[in-house]
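Below, each value reflects all heavy atoms present in this structure, side chains not excepted, and no hydrogens, waters or symmetry copies.
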Amino acid sequence: MFLFLIYGYNRGKKKEKEIVEKQHMIFLFPGIVYTLTSADEQDLYFLFITDPSILYYRYISSFFPADPAGEKKIFYPLPIDKIVIRLIRQLDIYYLDDILDPELYAIKVAELFYLLNSLYTKDQLNSFFCSVLDPEHYFKSIVLVSYNEIKNIEELAVRCGLSVSSFNRKFHKVFNVAPYKWIIQQKIRHIQNSLQESKKPLKEIADEYGFSSFSQFNDYCKKHIGMTPGQIRKNELCRNL
């Protein structure tokens, strides 16, 4: 995700704090939660690229080798060239006029990367995109974005550009757990959140998570959570009384 700050300032926070001055832009790494404290008055724009594999393979990898160096920071602000500002203003107009469809958006993203490649040095871009160039961060971002969409480990390995055996080794190194077990853990967490925080019928939640029957959903919850879906929701309701 890109953040363009035309006016004012922003304070980004992960573990450390960084100030982003006006007329600067930053790249925020996919899969990490940031806290931003804003100035009272500012002109701020976000540009989202939700698929890091597209971001890397289509654009960034063609700029320079994945060899980030130097001190690791939350982000590396770059001054916004006036030509980039014009592009961002144009995107804003398209959005406000309700003509920014996915095809036009993709064209403008490609234009942005063309401008970055033309207006900034290799060293500047290497620092700016250092988080996504880090092999472990890049791998983790693809997993975090993709795991909810894939049907099996083989498909996730393909998205990461690895064989299944290499993917399993890499996954265990980065997440310190086997991929199949981790995916189950995430599914359990999402199911619990859905049961506790939504008012959807239990059957509808079962359908959302791909269970062929409510009986299968019931058995899955008992096996992995120790309670039936109804019990999970009832416990949450009792806790909120």
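Inter-residue side-chain proximity for M25 and L116 is flagged as met; some heavy-atom pair is nearer than 4.5 Å.
Qualifying side-chain contact (heavy atoms from CB on, under 4.5 Å) partners for I183, counting only residues two or more places apart in sequence or in other chains: I150, I153, L156. K187 meets the side-chain contact (heavy atoms from CB on, under 4.5 Å) test with I191, Y209, F211, Y220; sequence neighbours excluded. Residues satisfying the salt bridge (charged side-chain N to carboxylate O under 4.0 Å, His left out) criterion with E208, sequence neighbours excluded, are K200. By the side chain to side chain donor-acceptor pair (under 3.5 Å) test, R86 is found to be paired with no residue, residues two or more places apart in sequence or in another chain being considered. A search for side-chain contact (heavy atoms from CB on, under 4.5 Å) contacts involving D101 returns E103, L104, not counting sequence neighbours. Residues satisfying the side-chain contact (heavy atoms from CB on, under 4.5 Å) criterion with L96, sequence neighbours excluded, are D92. Every residue was checked against the side chain to side chain donor-acceptor pair (under 3.5 Å) condition with H172, not counting sequence neighbours, and none meets it. The side chain to side chain donor-acceptor pair (under 3.5 Å) search around Q186 returns R189, not counting sequence neighbours. Remark: Y94 engages Q90 in a side chain to side chain donor-acceptor pair (under 3.5 Å) (not counting sequence neighbours). Taking the ring-ring contact (aromatic ring centres under 6.0 Å, His included) definition, one finds that F175 meets it with F171, W182, sequence neighbours left out.
In the hydrophobic clustering of this structure, V177 groups with L162; members are Ile, Leu, Val, Met, Phe, Trp, Tyr whose side-chain heavy atoms approach within less than 4.5 Å, directly or through other members. Under the 4.5 Å side-chain contact rule for hydrophobic residues, Y147 and V158 do not share a cluster. Under the 4.5 Å side-chain heavy-atom criterion for grouping Ile, Leu, Val, Met, Phe, Trp and Tyr, L100 is not connected to I107 through any hydrophobic cluster. Both F46 and F113 are part of a single hydrophobic cluster, where members link through side-chain heavy atoms under 4.5 Å apart. No continuous path of hydrophobic side-chain contacts links I85 to I93 [ILVMFWY only; heavy atoms under 4.5 Å].
Ring to ring, F167 and F139 are close: their centroids are under 6.0 angstrom apart.
For the atom pair CG (L202) and CG (L195), the distance works out to 6.5 Å, reported to the nearest 0.5 Å. The CD1 atom of I225 sits 3.5 Å away from atom CD1 of I232, with the distance rounded to the nearest 0.5 Å. Taking SG of C221 as the reference point, atom CD of Q216 lies at 10.5 Å (rounded to 0.5 Å). Residue H224 holds its NE2 atom at 5.0 Å from CD1 of I184, rounded to the nearest 0.5 Å. Rounding to the nearest 0.5 Å places CG of L115 at 8.0 Å from CG of D81. The line from CG of L78 to OG1 of T121 is 8.0 Å long, rounded to the nearest 0.5 Å.
A side-chain donor-acceptor contact under 3.5 Å links R233 to the backbone of S198. Checked by atom type and distance alone, the side chain of D97 never pairs as donor or acceptor with a backbone atom of I99 at under 3.5 Å. Judged purely by atom type and a 3.5 angstrom limit, Y120 uses its side chain to pair as donor or acceptor with the backbone of P79.
Contacts classified as salt bridge (Lys or Arg N to Asp or Glu O under 4.0 Å) and involving residues 104-118 (residues at least two apart or in different chains) are given here: K108-E111. Applying the salt bridge (Lys or Arg N to Asp or Glu O under 4.0 Å) definition to pairs two or more places apart or across chains, none involves residues 214-231.
Heavy atoms only, all atoms of each residue included: I205 and S194 are closest at CD1-O, 3.7 Å.
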Pair Y180-N168, side-chain contact (heavy atoms from CB on, under 4.5 Å): steps then yes or no: CA-CA 9 Å; Y180 179 72; N168 286 334; over 6 Å; no
